[in-house]
**Q** 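Please find one structure pasted underneath; my questions will follow.
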Amino acid sequence: MFEFKETTLQQKRHILIRVLAAGLFALLCGGLLGWRLWYLQVERHEGLAARADRNRTAVVPIAPRRGAILDRNGEVLARNYRDYVLEVTPAQVPDMERMLEELGGIVEITAYQRRRFQLALNQSGRYASTMLRNRLDDDEASRFAAQAFRFPGVSLKARWVREYPQGQTAAHVLGYVGRISEADMTRLEEQDQLGNYRGTNIIGKKGIEKSWEQLLHGKTGLEELEVTATGKPMRGLSRIDPEPGNDLVLSLDIGLQRVAEEQFQNRRGALVAIDPRTGEVLALVSAPSFDPNLFIDGIDTDNWRALNESPDHPLINRPLYSTYPIGSTYKPFVALAALELNKRSPTERVADPGYFELGGQRFRNAQGAVYGPTDMRRAIVVSSDTYFYSLGLDIGVNALHDFSKLFGFGQVTGIDLDGERKGVLPSTDWKRQAYKKPEQQRWYAGETVSVAVGQGYNAFTLLQLAHATAVLANGGVSRRPHLLRALRDGLTGEETEMVYPPTHTVPLKPENLKVIQEAMVGVIRQGTARRAFSDAPYQAAGKTGTAQVYSLRGAKYNAQAIDERLRDHALFMAYAPAEDPRIAVALIVENAGWGATVAAPVGRAVFDYWLDRPAEQQVAVAAAPAEQGPP
């Protein structure tokens with residue numbers, strides 16, 4: 001009996017210990033749970049609440065509308081339209097081929113679009129959204145929207161798309177937009193602009209689109225959405241509207257641009273027209289041109305090969321990038337240098353037997369022409385090479401370099417377009433730096449002779465020649481050539497004119513400037529450009545030019561006997577009206593021959609369009625007797 005009672009007490013004791021242990025354990029667990037709840041609800045509340053919000057919300061960037069580009073009269077050069085696109089995220093598509101096959105039964109997907117999509121897939125990751133089809137109409141978009149549940153990983157989106165309604169006209173001025181590349185991403189990150197390009201997949205690549213990208217792009221907006229666990233949007237929570245980019249009003253006149261481009265037809269060349277009073281670029285032609293619309297969503301292989309491999313190089317912006325010897329169009333500046341440096345008076349006559357002899361070598365006039373005793377005015381009017389051969393030696397290459405530099409030759413003008421080249425304005429220092437061998441670094445007198453007539457080492461852009469012509473027309477006042485005329489706010493529509501003060505003034509004596517300007521008027525009235533400007537209702541001042549592409553080495557020039565691309569370039573520079581210049585033009589028609597017969601008529605057409613208007617009619621000046629001479 002006693003042992004039974006003792007056993008019962010021991011059992012009770014064991015049970016009590018177990019109960020106490022269980023109670024302590026439960027209390028400890030409750031304490032830990034309470035502490036954990038306190039830690040999560042109090043200590044971590046702010047961070048966890050934010051994470052929970054992120055799990056139930058999604059922030060979606062809203063791409064801004066890109067600013068439009070207009071000409072000086074308000075005609076649209078670049079604009080945007082809304083477009084439906086189908087985008088695919090490869091990681092969310094179980095079977096890509098099957099998806100494409102089934103999707104093709106709902107919306108048309110061409111073989112080209114499939115190839116473009118496959119190429120884009122190879123260049124992007126599995127988790128990147130890639131465009132499959134663009135420009136869906138409303139019917140196609142609605143058909144897909146009704147069947148969207150069948151195609152995981154495929155989404156229908158609306159976007160702004162760039163369009164260039166003028167096609168090839170002014171393409172080198174406008175440039176184009178294209179998909180943002182890795183190099184673009186790096187540059188945006190360096191500029192601390194990457195955040196502003198979230199939701200945007202295009203950026204300016206060339207021309208005005210690139211130069212004024214920051215003004216055109218605008219500011220990206222944001223929309224906060226409540227989403228399900230699978231990421232499906234339920235409702236909008238907040239929104240910051242995007243700010244559209246600024247519209248750009250260019251100085252370009254698209255009507256003048258069309259007229260100028262039409263003059264080149266199927267020929268290669270370049271033309272720049274500038275208002276000398278302001279520096280505004282009125283027309284900028286690079287022929288042949290291209291259609292910038294091809295680049296918007298990525299150019300296809302065939303079109304790229306056709307453009308890139310063309311011997312005519314349509315993608316090169318000739319007025320800015322190509323450099324040329326400018327031939328006799330350089331002569332007015334050489335003559336002005338001689339006057340300013342007191343190297344020769346305008347009335348001093350030089351014998352012109354048809355050639356200039358130096359060191360036993362004869363430098364001949366074009367076409368073997370003989371002009372006899374020739375003063376400065378006549379030398380410019382008839383384009384006497386012999387006169388300028390000797391004049392170049394009187395001035396010297398270094399003095400000519402320093403003077404021509406003031407007019408912008410061999411210098412970057414600073415125009416608001418990318419790709420401008422400096423060119424070559426030769427001097428003895430330049431040659432020492434350009435060549436490595438001592439015998440190549442030496443400057444020879446015969447090289448000065450060639451430089452003085454716009455040949456030799458001279459290599460200028462047409463923009464430089466047009467700018468120099470504008471400076472000459474403006475009495476020595478230099479203004480930076482520019483295309484942006486005004487900004488129009490994308491929200492308010494308020495327009496702000498751009499201000500471009502003069503960069504410098506070339507110190508010129510009025511009497512010297514008058515000699516050159518009157519001689520250039522003589523070129524139009526009596527000289528090499530008289531036929532092109534006969535009966536013009538205004539008076540222009542200019543100079544024709546013909547530039548050799550390669551050295552004849554004493555042989556007689558015969559255009560029909562040499563390859564077309566080795567024939568002489570035809571050039572023309574001029575401004576009008578002569579008494580109150582409102583437009584200055586420089587142009588080149590590559591491998592076309594005489595400037596008087598080919599280039600001057602192009603300049604005439606440009607002046608006719610710009611000046612022959614009821615409010616701006618110029619009084620015709622009676623033509624003086626013609627003086628003969630090649631360009």
Side-chain angles (χ1 to χ4, degrees), residues 58 60-69 76-90 92-93 96 98-121 128-167 176-179 198-202 216-218 220-223 225-228 230-236 239 241-245 247 291-300 303 490-491:
V60 179
I62 308 172
R65 176 183 60 80
R66 192 173 182 85
I69 303 175
V76 177
L77 309 179
R79 63 190 176 195
N80 311 285
Y81 66 89
R82 296 293 283 180
D83 181 31
Y84 290 111
V85 297
L86 288 177
E87 293 188 352
V88 178
T89 305
Q92 300 175 6
V93 179
M96 187 68 71
R98 181 179 177 183
M99 180 275 290
L100 292 173
E101 198 65 34
E102 293 181 358
L103 186 59
I106 298 175
V107 297
E108 182 184 7
I109 302 175
T110 65
Y112 163 69
Q113 289 165 346
R114 284 201 179 201
R115 289 197 305 270
R116 184 180 65 179
F117 172 66
Q118 191 59 53
L119 181 63
L121 282 182
S129 183
T130 303
M131 186 182 72
L132 171 60
R133 165 77 197 278
N134 62 336
R135 298 188 179 184
L136 275 74
D137 57 32
D138 292 338
D139 184 53
E140 290 176 314
S142 60
R143 286 205 307 270
F144 173 79
Q147 300 289 323
F149 66 92
R150 295 173 47 199
F151 303 98
V154 183
S155 57
L156 177 68
K157 295 183 179 179
R159 61 166 186 166
W160 288 110
V161 179
R162 201 61 159 172
E163 182 183 36
Y164 302 100
Q166 307 297 334
Y176 53 85
V177 296
R179 288 184 170 273
R198 293 168 56 196
T200 303
N201 62 356
I202 66 164
L216 287 165
H217 175 68
T220 299
L222 296 173
E223 184 175 19
L225 301 173
E226 187 174 28
V227 297
T228 64
T230 59
K232 182 180 179 180
M234 297 296 292
R235 63 188 179 95
R239 178 185 174 94
D241 289 328
E243 296 180 13
D247 295 338
D291 187 354
N293 291 293
L294 295 172
F295 290 87
I296 294 172
D297 282 319
I299 189 169
D300 63 276
N303 278 313
L491 289 173

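Just so it is clear, the values below take in all heavy atoms, side chains as well, and ignore hydrogens, waters and symmetry mates.
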**Q** Step through the shown structure and confirm whether more than 12 heavy atoms of other residues, nucleotides or ligands are within 6.0 Å of CZ on Arg150.
**A**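 Check passes, neighbour count above 12.
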**Q** Check each of Arg79, Arg66, Arg135 against Glu163 using the salt bridge (charged side-chain N to carboxylate O under 4.0 Å, His left out) test, and report the only one that passes.
**A**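 Of Arg79, Arg66, Arg135, salt bridge (charged side-chain N to carboxylate O under 4.0 Å, His left out) with Glu163 is met by Arg79 alone.
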**Q** For the side chain of Arg143 and the backbone of Ile106, is there at least one donor-acceptor N/O pair under 3.5 Å apart?
**A**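 Flag set: sc Arg143 to bb Ile106 pair under 3.5 Å.
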**Q** Is any side-chain heavy atom of Leu136 closer than 4.5 Å to one of Leu156?
**A**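 Contact flag for Leu156/Leu136 side chains = yes.
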**Q** If you measure from CD1 on Ile299 to CG on Leu294, what distance do you get to the nearest 0.5 Å?
**A**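 Reported value, rounded in 0.5 Å steps: 5.0 Å.
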**Q** Taking all non-hydrogen atoms of both residues into account, name the closest pair between Pro64 and Pro242 and its distance.
**A**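 Answer, listing the atom of Pro64 first, then Pro242: CA-CB, 3.8 Å.
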**Q** Between Val88 and Val93, which heavy-atom pair has the shortest distance, and what is it?
**A**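 Shortest heavy-atom contact: CG1-CG2, 3.7 Å.
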**Q** Would you name the heavy atoms of Thr220 and Pro61 that are closest together and state the gap between them?
**A**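 Thr220 and Pro61 have their closest heavy atoms at CG2-CB, 4.0 Å.
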**Q** Side chain to side chain contact (heavy atoms under 4.5 Å, CB included) between Met131 and Phe117: does it pass, once the steps are laid out?
**A** CA-CA 7 Å; Met131 186 182 72; Phe117 172 66; over 6 Å; no
**Q** Working to the nearest 0.5 Å, report the span between CD of Glu140 and CZ of Arg133.
**A**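 Going from the CD atom of Glu140 to the CZ atom of Arg133 covers 4.0 Å.
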**Q** Stepwise, does the side chain to side chain contact (heavy atoms under 4.5 Å, CB included) test hold for Val177 with Leu216?
**A** CA-CA 11 Å; Val177 296; Leu216 287 165; over 6 Å; no
**Q** Report the C-alpha separation of Leu132 and Gln113 in whole Å, then their side-chain angles, then the decisive distance to 0.1 Å, and conclude whether the side chain to side chain contact (heavy atoms under 4.5 Å, CB included) test is met.
**A** CA-CA 7 Å; Leu132 171 60; Gln113 289 165 346; 5.7 Å; no
**Q** Does Tyr84, at its OH atom, have more than 12 non-hydrogen atoms belonging to other residues, nucleotides or ligands within less than 6.0 Å?
**A**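 Count not over threshold, so no.
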**Q** Show the nearest heavy-atom pair for residues Tyr81 and Arg162, with the distance to one decimal.
**A**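 Heavy atoms of Tyr81 and Arg162 come nearest at CE2-O, 4.3 Å.
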**Q** So for atom CZ, which belongs to Arg98, do other residues, nucleotides or ligands contribute more than 12 heavy atoms lying within a distance under 6.0 Å?
**A**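 It does not: Arg98 CZ has 12 such atoms or fewer within range.
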**Q** Looking at Asp300 and Asn303, what are the two nearest heavy atoms and their distance?
**A**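 For Asp300 and Asn303, the tightest heavy-atom pair comes out as OD1-ND2, 2.6 Å.
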**Q** Check Asp291 against Phe295 and note the closest heavy-atom contact, atom names and distance.
**A**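 So the minimum-distance heavy-atom pair works out to O-CD1, 4.1 Å.
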**Q** Passes side chain to side chain contact (heavy atoms under 4.5 Å, CB included), Leu222 versus Ile62? Steps please.
**A** CA-CA 5 Å; Leu222 296 173; Ile62 308 172; 5.9 Å; no
**Q** Give a yes or no answer on whether the side chain of Gln118 reaches the backbone of Arg115 with a donor-acceptor pair at less than 3.5 Å.
**A**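 A pair under 3.5 Å: no.
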**Q** Using a 3.5 Å distance criterion without hydrogens, assess whether the side chain of Gln166 forms a donor-acceptor pair with backbone atoms of Val76.
**A**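 Looks like yes, one N/O pair under 3.5 Å.
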**Q** Could you give the distance from CE (Met96) to CG (Leu103), rounded to the nearest 0.5 Å?
**A**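 So the gap between those two atoms works out to 11.0 Å.
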**Q** Atom CZ of Phe144 and atom CG of Leu86: how far apart are they, to the nearest 0.5 Å?
**A**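 Here the rounded value is 5.5 Å.
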**Q** Taking salt bridge (charged side-chain N to carboxylate O under 4.0 Å, His left out) as the test, write out the residues that go with Arg159, two or more places apart.
**A**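 Expected list: Asp83, Asp297.
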**Q** Output the distance between atom CD1 (Ile296) and atom OH (Tyr164), rounded to the nearest 0.5 Å.
**A**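 Spacing of CD1 (Ile296) from OH (Tyr164) equals 5.5 Å.
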**Q** Taking only Lys NZ, Arg NE, NH1 and NH2, and the carboxylate oxygens of Asp or Glu, determine whether Arg114 and Glu101 approach each other closer than 4.0 Å.
**A**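 Between Glu101 and Arg114 there is a salt bridge, with a charged N closer than 4.0 Å to a carboxylate O.
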**Q** Could you measure the distance from the CZ atom of Arg65 to the CG atom of Leu491? Nearest 0.5 Å is fine.
**A**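 Nearest 0.5 Å value for the CZ-CG distance: 8.5 Å.
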